[in-house]
Protein chains: 2
Amino acid sequence: MDVLRRNTDYALRAMVGLARQDGQEPVSARWLAKEQDMPYQLTCKILQKLHNARLVESCMGPKGGFRLSRKPSRISLRDVIEVVQGPVQLNRCLLGVSECPRWPKCAVSKRLADLQRHIDGYLGEITLDELLTSRSMKKPKTKGKPGRKNV
Amino acid sequence: MDVLRRNTDYALRAMVGLARQDGQEPVSARWLAKEQDMPYQLTCKILQKLHNARLVESCMGPKGGFRLSRKPSRISLRDVIEVVQGPVQLNRCLLGVSECPRWPKCAVSKRLADLQRHIDGYLGEITLDELLTSRSMKKPKTKGKPGRKNV
DNA sequence: CGTTGTAGGACTATTATAGTCCTATATAGC
DNA sequence: GCTATATAGGACTATAATAGTCCTACAACG
């Protein structure tokens with residue numbers, strides 16, 4: 001499939017949904033799920049992950065819900081991605097040389113490591129607020145399976 | 001392995017194995033499989049794919065086998081990757097805007113599209129011959145690569 | 001104290017990937 | 001021609017990763 005998975009997409013949508021509310025008022029998972037066409041239960045799970053990673057704050061009870069724990073401009077795409085699907089790695093060996101059983105026979109590494117660094121850097125630079133404007137319109141139709149729509 | 005799958009890794013190893021033989025003599029799937037620690041049947045499948053994509057030539061019969069269809073310096077990592085696992089895409093929508101049902105609500109696209117282009121370009125630049133030296137365990141890498149590292 | 005919310009464990013379902021089995025066919029050498 | 005060794009490839013099984021659901025517990029506002 002793709003590098004960014006469906007759950008990552010959901011997480012991004014959720015974060016964007018929260019960022020738009022931008023207020024003090026917490027937003028409920030149910031509302032977010034509906035707003036962004038995501039399965040409710042999954043939305044809960046993903047928000048929990050985001051909460052454990054301190055990207056969002058939560059309050060329980062009626063009037064409860066979630067809000068971003070810092071400004072959208074201080075949350076990167078990479079932050080969100082890593083919470084949901086872990087780091088985007090080209091190849092497992094790139095993380096820890098020590099783990100590769102074929103080393104030193106295998107060493108695609110050097111050039112790929114450069115690319116890896118670039119990807120990490122790039123994803124780390126893109127921030128949530130950059131996604132806000134483009135996401136702001138109300139959607140036209142789109143119903144059916146909760147299929148993968150888009151990032 | 002994440003972005004690059006195991007089969008892609010196998011394909012890369014197979015190609016490297018072939019590139020090292022550098023000769024006129026075709027190399028059999030069985031030999032390659034053993035050399036590179038890969039399941040024989042899978043190796044056959046993958047070589048078939050590489051053959052259909054014209055990256056390798058094949059000859060049947062005893063003394064048959066595979067050889068690269070062009071020089072290692074003219075085969076990119078991207079060529080191999082795309083044969084085995086398809087294009088490395090960050091997100092499905094980046095391929096064709098027309099397919100996205102959430103447009104225009106969603107448009108992470110712009111920044112990600114840049115990254116996508118960079119990845120494609122980079123993978124397209126890395127050539128097989130650049131992997132040869134680093135993959136041969138005999139020689140430590142005291143040697144500068146003659147490969148074309150041009151953008 | 002009931003309603004509306006999050007927390008989260010434990011499951012099921014679905015899909016993608018990896019890997020195997022089997023049969024057909026080509027060809028070199030006898 | 002016959003046989004051994006090779007690729008070609010369809011059809012299958014197995015395994016793993018991902019997506020999604022169900023259920024119970026707990027927190028807090030009114």
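A note on names: the letters A, B, ... follow the listed sequences, proteins ahead of strands, and every chain is numbered from 1.
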Rounded interatomic separation in angstrom, taking [atom1] from [X] and [atom2] from [N]:
{"X": "B:I46", "N": "C:dG19", "atom1": "CD1", "atom2": "P", "result": "8 Å"}
{"X": "B:D9", "N": "C:dA18", "atom1": "CG", "atom2": "C1'", "result": "13 Å"}
{"X": "A:L42", "N": "C:dT6", "atom1": "CG", "atom2": "C1'", "result": "16 Å"}
{"X": "A:L50", "N": "C:dA7", "atom1": "CG", "atom2": "P", "result": "11 Å"}
{"X": "A:Q89", "N": "D:dA17", "atom1": "CD", "atom2": "C1'", "result": "14 Å"}
{"X": "A:D2", "N": "C:dT17", "atom1": "CG", "atom2": "P", "result": "10 Å"}
{"X": "A:Q85", "N": "D:dT18", "atom1": "CD", "atom2": "P", "result": "8 Å"}
{"X": "B:Y10", "N": "C:dT17", "atom1": "OH", "atom2": "P", "result": "15 Å"}

Enumerate the protein-to-nucleotides 7-10 of chain D contacts in which both atoms are nitrogen or oxygen and the separation is below 3.5 Å.
from   : atom 1 : to    : atom 2 : distance (Å)
D:dT7  : OP1    : B:A29 : N      : 2.7
D:dT7  : O3'    : B:S58 : OG     : 3.4
D:dA8  : OP1    : B:H51 : ND1    : 3.1
D:dA8  : OP1    : B:S58 : OG     : 2.9
D:dG9  : N7     : B:K45 : NZ     : 3.4
D:dG9  : N7     : B:Q48 : OE1    : 3.4
D:dG9  : N7     : B:Q48 : NE2    : 3.0
D:dG10 : N7     : B:K45 : NZ     : 3.4
D:dG10 : O6     : B:K45 : NZ     : 2.3

Does this structure show an ion pair linking [X] with [Y], if we count only N-O contacts that are shorter than 4.0 Å?
{"X": "A:R117", "Y": "A:D120", "answer": "no"}
{"X": "A:R54", "Y": "A:D79", "answer": "no"}
{"X": "B:R5", "Y": "B:D9", "answer": "no"}

Is it true that the side chains of B:Q85 and B:T8 contain a donor and an acceptor less than 3.5 Å apart? yes
Tell me whether the OP1 or OP2 atom of C:dT15 has a side-chain N or O from A:R6 closer than 4.0 Å. no
If only side-chain N and O atoms of A:N7 are considered, is one of them under 4.0 Å from the OP1 or OP2 phosphate oxygen of D:dT18? no
Side-chain contact, heavy-atom cut-off 4.5 Å: A:F66 with A:S58? yes
Using a 4.5 Å cut-off on heavy atoms from C-beta on, say whether the side chain of A:L55 contacts that of A:L68. no
Identify which one of A:L50, A:I75, A:V27 satisfies the side-chain contact (heavy atoms from CB on, under 4.5 Å) criterion when paired with A:V56. A:L50
Looking only at side-chain atoms of A:P62, point me to the closest of C:dA28, C:dT3, C:dA18. C:dT3
